[in-house]
Amino acid sequence: MNDFATTYRTAQAGALRASAAGSRVRLAGWIHRRRDLGGLVFIDLRDRGGRVQLAFEPGTTPPDVLARARELGPEWVIGVAGLVRQRPAGNLNPELPTGEVEVVVDALQVFSASDTPPIPVARGGDDELPAEDLRLRYRYLDLRRDELQHGLHVRHRAMQCVRRHLTSEGFWEIDTPMLTRRTPEGARDYLVPSRVHPGEFYALPQSPQLYKQLLMVSGYDRYFQIARCLRDEDLRADRQPEFTQIDAELSFVAEEDVFGVGERTMAALWREILGVELSLPFPRLSYAEALARYGTDKPDLRFGMEFQDLTALLCEADFRLFAATRESGEQIRGITVPGGAALSRRELDELAAIARAAGAAGALWVKRGPDGLSGPFAKALDEGLAGRFCAAAGLADGDLFVAVIGHFRGAAAGDLSRAAVLGGAEVALDALRRHLGTRLGLRRPDAHAWAWVTGFPLFEWEPEAERVVAAHHPFTMPHPDDVARLLELTSGGPPPAGTAAFALYREGLRSRAYDAVYNGNELASGSIRIHDPALQRAVFRALGIPESEAERRFGFLLEAFRFGVPPHGGFAFGFDRLVMLLVGAPSLRDVIAFPKTTAARALFEGAPSTVADDELRELHIRTTSA
RNA sequence: GGGGCUGUAGCUCAGCUGGUUAGAGCGCCGCACUGUCACUGCGGAGGCCGAGGGUUCGAGUCCCUUCAGUCCCGCCA
């Protein structure tokens, strides 16, 4: 056990407890707050371990020390020596772990003074935080606060926990290059100019994807890395330009093997950090099922309120909007909200606005009270239809039903009309489901609803470019039931383009890609990879990538695959997001020591920055603006 | 690339339909105070109202541009 004793101190200030009473200590740290009562001065001394009260009192503290204590300001770094003693009865501070003791100081040394801090470190309970730009500009001060220190402590513990666990499952931690080759697919790369090769650039890795597959080819069997990844894309509260992944890859595995490793790792984390025992295995949910039941590939499974398709029933009603679906082929889907009839009229009106904001034409609601149904379309249901509607929707007294009309994705594969592909009424109903879940307190922070979502589509359609792209990445193994169809569609002939490509997409081919979802957050994704060169060629052909181009882009991986590839697959968990959720922080910035702003600027050190012309010349770079 | 919100004292904020000397709390400085722990009391200093332009007799307030932060859509294989 480390007691933090050094040349400057005998103990950590924040670690003092009643058991230390009676002993002499030397402490060092920052002045958190000073309370000068005239004859008597109290100072809260802070170090990484917490805070302890120092008492400067006449009689014990020498007069010159007491006088100098009056001159000290917040955030000065001092060292003191004195006696730890039990606080007088009635003067304990139950708020502080050190609150039973105090240190009566008899010697004081100032290591360094501090200017008045531009942002406060010691805050009052309900003070607002300073503006984000100031917090980032003075990050070293913000990091002194308990909340951020706690976030980084949990981050450290989580990292060690993951390393310990994966090591126990036979994984080797292997690091991979930061200077790598640009990949045209996917996110924008950060580029690094080469000085020795004029006009050539490295790219910083978006992920160690290709390297970890090469490690499998090399026979390393089980690899992991807590990997830094960099993507030059626009940011969000939960997206930073550089971020950290728990990246792992295994050989000779199928989905279930990968899921087992992933969920045992998460179970270890939740146990270590939250003391919560996750229930294993996580539920598995197909992508199609997730879309049909929740309208999203990352459903919040802490509560029900599943989508119900009542098109056939409701289009019988004497209601123009419903009847119109017989012509348009749109669907009427909705959710039953238990106890939702208690919502105010104002809240009910708000629902349509939420649906519109999410791209739907609106939302319709009906509630069931003691006197039957009421709401916008209640009158359109005659007694018989109303009865069948309540039975079908499971609508009990006090419940609310909210419906959205439109084209819903997630119908059976093969039923993907073009409108359904591009539509997205499910987005609106998902927004309503999440809104109502929050409103009714169903998204409890102490509930831990994990799931693996499987069988993601193999391809996505890019409408602007009129082409098919890999939904996950081009090395993702197609779903076994869809391989035959893929080979059939891509056998011979030129790569499909335009309508031929769209027809291929419309097949709804599935892949062996999967996500881990937690309380409505996507926290990991991965896949079983292709290890069969013929199948890989078929996928490239489907993607419209000629062999020569595939060779140019991914040559080193394809070449490696000619020399014996094991079946393999893996996952990557978003580590920053995990930590953010584990500590309940509102932003990724609170669990990263030195984060960037949403404009990808580093306010503390001032990056990015301009570079002198002669330095640019050395890198063979000429800029066109700024 | 698009949209919303924010920018007034070191910090957090108020400042009405445009009106004379721009306020509060915290912090800071000074004085008093022997059991405080967001100490308390009294006094004081502190403002280019993000920047630039415009409208007006007059702009913190209205308009345009721009910068910064933030949230969202697009984007993020």
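Throughout, protein chains are lettered first and strands after them, A, B, ... in sequence-line order, and every chain is numbered starting at 1.
Looking at residues 48-58 of chain A, you'll see A:Q53, A:E57, A:P58 sit with a heavy atom under 4.0 Å from some atom of RNA chain B.
Between A:Y211 and A:F556, the two ring planes are tilted [angle within 30° to 60°]. Relative ring orientation between A:F475 and A:F540 is described as perpendicular, the plane-to-plane angle rising above 60° on a 0-90° scale split at 30° and 60°. Ring geometry for A:F456 against A:Y287 counts as tilted: the plane angle lies between 30° and 60°, on a 0 to 90° scale.
Each of A:G39 and A:P118 was matched to the nucleotide of RNA chain B holding its nearest heavy atom; the match closer to the 5' end belongs to A:P118.
Counting non-hydrogen atoms under 4.0 angstrom, A:L92 reaches a base of the nucleic acid. Base engagement by A:D36 is indicated by at least one non-hydrogen atom pair under 4.0 Å involving a base atom. Residue A:R577 is out of contact with every strand shown, counting any heavy-atom pair closer than 4.0 Å. Residue-level contact check: A:T476 touches neither bases nor backbone, having no heavy atom under 4.0 Å from any strand. As judged by a 4.0 angstrom heavy-atom cut-off over every strand, A:L96 is placed among residues making no nucleic acid contact. Residue-level contact check: A:T598 touches the bases, meaning some heavy atom is under 4.0 Å from a base atom. The residue A:L235 sits apart from the nucleic acid: no heavy atom pair falls under 4.0 Å. Contacts of A:R123 with the nucleic acid, taken as non-hydrogen atoms under 4.0 Å apart, are absent. Counting any heavy atom pair closer than 4.0 Å across all strands shown, A:A122 reaches no nucleic acid atom.
A salt bridge links A:D146 and A:R51; the closest N-O separation between the charged side-chain nitrogens and carboxylate oxygens is under 4.0 Å.
Side chain A:R188 to base B:G74: no donor-acceptor pair is found below 3.5 Å. A donor and an acceptor atom never sit less than 3.5 Å apart when one is taken from the side chain of A:R137 and the other from the base of B:G69. With hydrogens and angles left out, the side chain of A:R239 and the base of B:C75 share a donor-acceptor pair within 3.5 Å. In the interface, the side chain of A:E102 is paired with the base of B:G35 through a donor and an acceptor atom under 3.5 Å apart. A:R231 contributes no side-chain N or O that forms a donor-acceptor pair with the base of B:C75 under 3.5 Å. Not a single donor-acceptor pair, N or O on each side, falls under 3.5 Å between the base of B:G7 and the side chain of A:D133.
Ranking B:U36, B:C28, B:C11 by closeness to the A:T116 side chain, first place goes to B:C28. Side-chain atoms of A:R33 lie closest to B:A38 of the nucleotides B:A38, B:G35, B:C28. Of the candidates B:U70, B:U12, B:G35, the closest approach to any side-chain atom of A:E128 belongs to B:U12. Considering only the side chain of A:P88, B:G35 comes nearest among B:G10, B:G35, B:C75. When distances are taken from the side chain of A:L134 to each of B:C39, B:C11, B:G35, the shortest belongs to B:C11. Checking B:G35, B:U12, B:C72 against every side-chain atom of A:R85, the shortest atom distance belongs to B:G35.
The partner of B:G30 is B:C42, by the rule that a Watson-Crick or G-U pair needs both atom distances under 3.5 Å. Across all strands shown, B:G7 forms a Watson-Crick or G-U wobble pair with B:C67, both key distances being under 3.5 Å. Base pairing of B:C76 is not made with any nucleotide, judged by Watson-Crick or G-U wobble geometry with both donor-acceptor distances under 3.5 Å. Base pairing of B:C37: no nucleotide in any strand meets the Watson-Crick or G-U wobble criterion (both distances under 3.5 Å). Using the Watson-Crick or G-U wobble rule with both distances under 3.5 Å, B:U21 pairs with nothing in any strand shown.
Side-chain N or O atoms of A:D189 include none that pairs as donor or acceptor with a backbone N or O of A:L191 at under 3.5 Å.
Counting to the nearest Å, the C1' atom of B:C11 and the CZ atom of A:R135 are 13 Å from each other. What separates CG of A:D590 from P of B:C71 is a distance of 10 Å, to the nearest Å. Between A:R35 atom CZ and B:C39 atom P the separation is 5 Å, expressed in whole Å. For the pair A:R34 CZ and B:U34 C1', the computed distance is 16 Å after rounding to whole Å. B:C71 atom P lies 13 Å from atom CG of A:D234, rounded to whole Å. Atom CZ of A:R236 is separated from atom C1' of B:G69 by 16 Å (rounded to the nearest Å). Rounded to a whole Å, the CD atom of A:Q206 is 16 Å from the P atom of B:C75. Here the P atom of nucleotide B:G10 and the CG atom of A:L141 are 16 Å apart, to the nearest Å.
Nucleotides B:A9 and B:G53 have their C1' atoms positioned 26 Å apart, rounded to a whole Å. Rounded to whole Å, the C1' atom of B:G15 lies 7 Å from the corresponding atom of B:G23. Taking atom P on both nucleotides, B:G2 is separated from B:G54 by 26 Å, rounded to a whole Å. Taking atom C1' in both B:A45 and B:C5, the straight-line distance is 34 Å, to the nearest Å. For the C1' atom pair drawn from B:C29 and B:C62, the interatomic distance equals 40 Å after rounding to whole Å. Rounded to whole Å, the separation between the C1' atoms of B:C63 and B:U56 comes to 12 Å. Taking atom C1' in both B:U36 and B:G50, the straight-line distance is 41 Å, to the nearest Å. Here, B:U55 and B:C64 have their P atoms 15 Å apart, quoted to the whole Å.
The side-chain heavy atoms of A:R443 and A:D300, taken from C-beta on, include a pair separated by under 4.5 Å. Considering only heavy atoms from C-beta on, A:E255 stays 4.5 Å or farther from A:M477 through its side chain. Annotation: side chain of A:Q240 is not in contact with side chain of A:S587 (no heavy-atom distance under 4.5 Å).
A sub-4.0 Å separation between OP1 or OP2 of B:G69 and a side-chain N or O of A:T597 is present. Look at A:N93 and you won't find any side-chain N or O under 4.0 angstrom from OP1 or OP2 of B:U36.
Under a cut-off of 6.0 angstrom, the local environment of NZ in A:K596 is crowded, with over 12 non-hydrogen atoms contributed by other residues, nucleotides or ligands.
Of the candidates A:R34, A:R46, A:R145, A:E75 forms a salt bridge (charged side-chain N to carboxylate O under 4.0 Å, His left out) with just one, namely A:R46.
Scanning all heavy atoms of the two residues, the minimum distance from A:G295 to A:D430 falls at O-CB, 4.2 Å. Residue A:Q206 comes nearest to A:C229 through the heavy atom pair O-CB, 3.1 Å, listed as atom of the first residue, atom of the second, then distance.
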